[in-house]
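Read the structure below first, then the notes.
Bear in mind the structure is a predicted one, so any value in this text is a computation, not a measurement. Every chain is numbered from 1, with letters handed out A, B, ... down the list of sequences.
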2 protein chains.
Amino acid sequence: MEHKKAEKISKALADPNRIMIIKEVKKQNDALYCCDIDAIIDLSQPSICHHLKQLTDTEILIPEKEGRYVKYALNNSLIEEYIDFLHSLKTT
Amino acid sequence: MEHKKAEKISKALADPNRIMIIKEVKKQNDALYCCDIDAIIDLSQPSICHHLKQLTDTEILIPEKEGRYVKYALNNSLIEEYIDFLHSLKTT
DNA sequence: TAGAAATATTTAAATATTTCGATAAATAAG
DNA sequence: CTTATTTATCGAAATATTTAAATATTTCTA
């Protein structure tokens with residue numbers, strides 16, 4: 001992974017609300033809906049939308065449209081690539 | 001790892017200059033000096049100092065004073081803990 | 001001890017991010 | 001077709017981050 005990409009993923013993970021959202025995706029087993037987040041995070045709907053956009057722009061979350069709803073799944077392989085990048089930084 | 005801690009590590013990694021610094025620590029085999037960075041990164045001395053502070057505050061880098069100099073080493077075990085946290089986010 | 005060199009701190013400006021209210025767009029339900 | 005519901009976008013305010021000049025601190029060397 002390019003370090004520019006790793007930087008962007010790091011930035012997307014650098015917020016407590018976005019980490020909460022990712023945790024919730026896991027809890028809901030890759031089937032998190034936008035409106036579920038309202039119940040969990042004390043932010044306005046536009047703010048939640050903004051955080052989701054950062055997570056989907058970086059492809060950490062993969063959105064899938066289902067009628068009026070959007071379902072989010074975690075991009076496990078991207079996380080793996082990011083982990084590989086972190087391993088590559090380590091000294092031996 | 002607490003997610004507050006993971007958030008802080010993410011934030012510290014969310015900058016191209018700081019990633020460059022970490023890469024340079026690896027290149028120099030855990031023996032990076034402050035003044036070496038001047039040669040690599042086009043930033044003022046106070047800015048470099050500020051970035052190093054973020055990396056040491058989060059304990060990503062471990063500073064060791066050597067007379068007038070400060071030598072930096074990567075905290076490999078913290079990176080491992082951060083990687084474990086990332087694994088824990090993954091869906092199965 | 002005085003001067004030089006390396007690193008740290010303070011302060012302020014520029015830029016970026018976060019947040020929310022208002023509003024728009026898309027689709028479902030009646 | 002009209003209305004309600006879900007998600008997205010715009011615009012503006014509040015907050016945080018990045019940067020560098022000026023200055024301070026620490027320690028080496030002559």
Side-chain angles (χ1 to χ4, degrees), chain A residues 3-25 28 30-75, chain B residues 3-25 28 30-75:
Chain A
H3 88 223
K4 192 74 197 163
K5 178 71 182 166
E7 179 207 326
K8 284 182 175 159
I9 293 174
S10 301
K11 191 171 286 182
L13 295 174
D15 180 278
N17 296 305
R18 291 194 291 270
I19 289 181
M20 285 300 279
I21 289 172
I22 294 172
K23 286 192 168 200
E24 202 58 27
V25 169
Q28 301 292 331
D30 280 339
L32 186 72
Y33 294 89
C34 229
C35 47
D36 295 332
I37 300 170
D38 253 5
I40 297 145
I41 294 176
D42 188 28
L43 282 179
S44 67
Q45 179 269 325
S47 297
I48 289 170
C49 204
H50 161 82
H51 288 302
L52 283 168
K53 186 160 164 41
Q54 290 192 57
L55 291 170
T56 55
D57 282 353
T58 49
E59 300 181 276
I60 292 171
L61 293 185
I62 307 295
E64 191 184 342
K65 211 152 187 261
E66 285 189 354
R68 274 184 298 188
Y69 299 81
V70 182
K71 189 170 82 175
Y72 294 92
L74 189 72
N75 186 346
Chain B
H3 88 222
K4 192 75 197 163
K5 178 70 183 168
E7 179 207 326
K8 283 182 177 160
I9 293 174
S10 301
K11 191 170 287 181
L13 295 174
D15 180 277
N17 296 306
R18 291 194 291 270
I19 289 182
M20 286 299 280
I21 289 171
I22 293 172
K23 285 195 169 201
E24 202 59 26
V25 169
Q28 301 291 330
D30 279 339
L32 186 73
Y33 294 88
C34 229
C35 47
D36 295 332
I37 300 170
D38 252 5
I40 296 145
I41 295 176
D42 188 29
L43 282 179
S44 67
Q45 179 269 326
S47 295
I48 289 170
C49 204
H50 162 81
H51 287 302
L52 283 167
K53 186 159 163 41
Q54 290 192 58
L55 291 169
T56 55
D57 282 353
T58 49
E59 299 180 279
I60 292 172
L61 293 186
I62 308 295
E64 191 184 341
K65 212 152 186 263
E66 286 189 353
R68 274 183 298 187
Y69 298 81
V70 182
K71 189 169 82 176
Y72 294 93
L74 188 73
N75 186 346

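- For the pair N17(B) CG and dA20(D) P, the interatomic distance rounds to 9 Å; values are reported in whole Å.
- Here S44(B) reaches the OP1 or OP2 of dA20(D): one of its side-chain N or O atoms lies under 4.0 Å away.
- Residue K11(B) is in sugar-phosphate contact alone, with no base atom involved, counting any heavy-atom pair closer than 4.0 Å across all strands shown.
- The structure places CG of D42(A) at 8.5 Å from CD1 of I48(A), a figure rounded to the nearest 0.5 Å.
- Counting non-hydrogen atoms of neighbouring residues, nucleotides and ligands closer than 6.0 angstrom, the NZ atom of K5(A) exceeds 12 such neighbours.
- The separation between I48(B) atom CD1 and dA6(C) atom P is 13 Å, rounded to whole Å.
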Legend entry - Intermediate values then yes/no, side-chain hydrogen bond (donor to acceptor under 3.5 Å, both in side chains), H3(A) and E7(A): CA-CA 6 Å; H3(A) 88 223; E7(A) 179 207 326; 5.7 Å; no
Atom pairs under 3.5 Å, N or O on each side, protein against nucleotides 26-30 of chain C: can you list them with distances?
| from | atom 1 | to | atom 2 | distance (Å) |
| --- | --- | --- | --- | --- |
| dA26(C) | O3' | K65(A) | NZ | 3.4 |
| dA28(C) | O4' | R68(A) | NE | 3.2 |

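- With values rounded to the nearest 0.5 angstrom, I21(A) atom CD1 is found 8.0 Å from L32(A) atom CG.
- For the pair P46(A) and C49(B), both in contact range of DNA chain C, the more 5′-proximal nearest nucleotide belongs to C49(B).
- Nucleotide dT7(D) holds its P atom 8 Å from the CG atom of D36(A), rounded to whole Å.
- Atom CD1 of I37(A) is separated from atom P of dT5(D) by 20 Å (rounded to the nearest Å).
- Between dT17(C) and H51(A), no contact under 4.0 Å exists linking OP1 or OP2 to a side-chain N or O.
- In this structure, H50(A) and Y33(B) both approach DNA chain C, and ranking their closest nucleotides by distance from the 5' end singles out Y33(B).
- Rounded to an integer number of Å, the gap from L43(B) CG to dT18(D) P is 11 Å.
- Shown are V25(A), N75(A), I22(A); of these, the side-chain contact (heavy atoms from CB on, under 4.5 Å) with I60(A) is made only by I22(A).
- Rounded to whole angstrom, the span from the NZ atom of K53(A) across to the C1' atom of dA25(C) amounts to 15 Å.
- D38(B) places its CG atom 12 Å from the P atom of dA8(C), with the value rounded to the nearest Å.
- Distance Q45(B) CD to dT18(D) C1': 15 Å, rounded to the nearest Å.
- Taken from NZ in K8(A) to OG1 in T58(A), the straight-line distance is 10.0 Å, to the nearest 0.5 Å.
- Counting only N and O atoms by type, the side chains of Y33(A) and Q28(A) include no donor and acceptor under 3.5 Å apart.
- Put simply, S47(A) has no side-chain N or O that comes within less than 4.0 Å of OP1 or OP2 on dT18(C).
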